[in-house]
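The next block holds one structure in the form of structure tokens; read it before the comments.
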Amino acid sequence: MDEKVIERLAEIVGSEFVLTAERIGPYLYDQTEACLRPKASRESVVVRPSGAREISDIMKLANAKQITVVVRGGGTGLCGAAIPIMPSIVISMERMKRIIEVDEKNFIITLESGVTLREMNDYLKKNSIFYFPSHSGDENAQLGGLVAENAGGVKSGKHGVMRNNIRGLEVVLPTGEIVQLNGKLQKNNAGYDLMQLVIGSEGTLCVVTKVMLRLYPEPRFNGTILVSFANFDQATDASTKILQTGVVPLAIEYLDRTIARKTADFLHEDWPLKRGKVDLLFVMAEDNEDALFNVGGIIEEICSSSGAVESVVLDGRDEQERILNIRNSTYYATKPYLADTLDITVPPASIPGLMKGFNSIAGKYGAVFDTVGHVGDGNVHNNIYLVNDEIPVYYEEMKAELYALAIGMGGTITGEHGIGKTRRRNLAVQLDETQVDLMRGIKKLFDPNNILNPETAII
Ligand SMILES: Cc1cc2nc3c(=O)[nH]c(=O)nc-3n(C[C@H](O)[C@H](O)[C@H](O)COP(=O)(O)OP(=O)(O)OC[C@H]3O[C@@H](n4cnc5c(N)ncnc54)[C@H](O)[C@@H]3O)c2cc1C
């Protein structure tokens with residue numbers, strides 16, 4: 001990177017907040033599997049601004065000199081979106097950690113986008129009667145990254161994904177303007193909804209500097225039920241039937257037993273279910289005890305009539321958290337052996353057909369393959385494993401078949417992790433030319449010189 005640019009960056013943010021050479025190492029990669037992630041450019045420079053004004057000055061400098069900029073949140077992304085693949089100014093949001101306000105009358109928290117999910121949740125636990133239900137699997141993710149990826153997670157069944165819970169944003173455009181999008185409103189029909197356009201745009205349209213989120217009263221009664229089945233047909237039949245009754249648990253998670261066991265072993269924990277081959281984890285959150293018993297009763301009854309072979313009601317918060325922690329750790333337990341983890345999503349009622357199709361495709365390739373996921377949302381994570389520590393030869397072909405299967409069911413190739421840099425070549429199976437042209441036009445309007453995270457999210 002040009003020395004003059006580095007000097008100017010030091011003037012903007014202070015020289016102690018500009019990193020170069022070997023000090024940039026930790027900012028170059030995210031959590032994408034090492035065998036898949038693109039190579040990062042070591043010619044990059046990392047800056048750590050303290051606020052939107054500094055970011056605006058950085059963007060003006062980069063735009064004038066046409067230097068690529070990549071925004072970095074917590075680095076927990078799974079599709080290489082935050083990796084600077086060309087010499088770039090990497091803007092790390094880690095210093096922007098102010099929790100600005102908890103407005104308990106409007107149920108809204110306003111914070112800077114560098115606050116992590118863990119920091120926000122800890123703050124709310126200590127200081128508020130409210131909580132934020134949306135929980136993507138790694139609490140080191142920052143709010144800005146969760147907005148940029150429109151993250152989901154295990155608790156989206158009841159309260160939706162990030163998109164459903166974001167009320168307002170402050171953003172800095174690639175040309176340097178600072179813009180407020182929406183706010184504490186429940187309704188706003190003035191013009192196009194630019195905020196929704198920014199959500200899920202993977203750091204390609206603007207830098208998110210502030211976030212307003214909708215909060216919820218902490219549910220007073222929580223319960224967790226684990227149920228096992230002989231096969232996925234029975235499990236998915238049960239989850240579909242439960243949703244048809246109108247009961248909406250906080251989460252319905254599906255786990256192949258192979259993954260549940262692997263993860264429990266990894267954590268030196270015990271997985272309570274012994275019979276059957278696949279498990280459903282139901283997390284319930286209700287306002288009163290009667291409602292909790294009622295929902296629990298419906299779940300147990302339907303599971304039993306769908307062929308459940310074992311079920312355990314988890315007593316006490318510690319035991320519930322222990323099991324949820326096993327579910328949330330499946331990724332790190334399997335990561336050393338993974339070639340890729342997909343996040344295909346279909347309409348929830350199509351899940352049984354999708355799972356059947358997965359097994360037949362995996363069988364055809366002789367692949368070691370297992371599944372965990374948010375079946376209540378129609379979203380599953382399929383693990384494709386390394387073979388002799390290498391990406392299997394069938395990887396691309398098999399993935400293309402899995403994607404085609406999902407698209408044929410009205411699904412998407414990504415319901416959570418995004419396109420980033422690793423899935424751009426697969427995007428064409430889902431989007432037609434008209435859609436791609438519209439997306440390119442939008443990108444050009446926001447970012448006329450294509451400086452912000454190019455070669456990401458769109459084709
Ligand atoms: C163990 C594990 C489990 C996970 N489980 C889930 C899950 O259940 N559901 C789910 O949806 N995801 C899940 N993820 C993926 C990941 O947590 C999300 O993609 C998260 O949203 C990334 O946030 P981050 O701050 O780490 O962003 P990063 O990885 O740093 O960046 C991701 C993208 O966001 C952009 N970005 C970051 N901050 C900003 C900002 N302030 N302004 C503009 N752009 C920005 C970056 O440029 C990049 O394009 C999981 C990841 C891991 C490692």
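Just follow the structure's listing: the first ligand is 1, and inside any ligand the first atom is 1.
- Put simply, the side chain of D370 never gets that close to the backbone of V372: no donor and acceptor are under 3.5 Å apart.
- For H381, the side chain to side chain donor-acceptor pair (under 3.5 Å) criterion is met by H374, E416, not counting sequence neighbours.
- Centroid-to-centroid, the aromatic rings of F130 and F107 come within less than 6.0 Å.
- Residues passing the side chain to side chain donor-acceptor pair (under 3.5 Å) test with R48, sequence neighbours excluded: none.
- M96 pairs with exactly one of Q142, K210, E112 by the side-chain contact (heavy atoms from CB on, under 4.5 Å) rule, that one being E112.
- Scored by the side chain to side chain donor-acceptor pair (under 3.5 Å) test, T414 finds D343 as partners (sequence neighbours excluded).
- Protein residues with a heavy atom closer than 4.0 Å to ligand 1 are Q31, V71, R72, G73, G74, G75, T76, G77, L78, A81, A82, M93, S113, S136, G137, D138, A141, Q142, G144, G145, L146, A148, E149, A151, G152, G153, E202, G203, C206, V207, V208, Y331, Y332, H374, E416, H417, N453, listed by chain and number.
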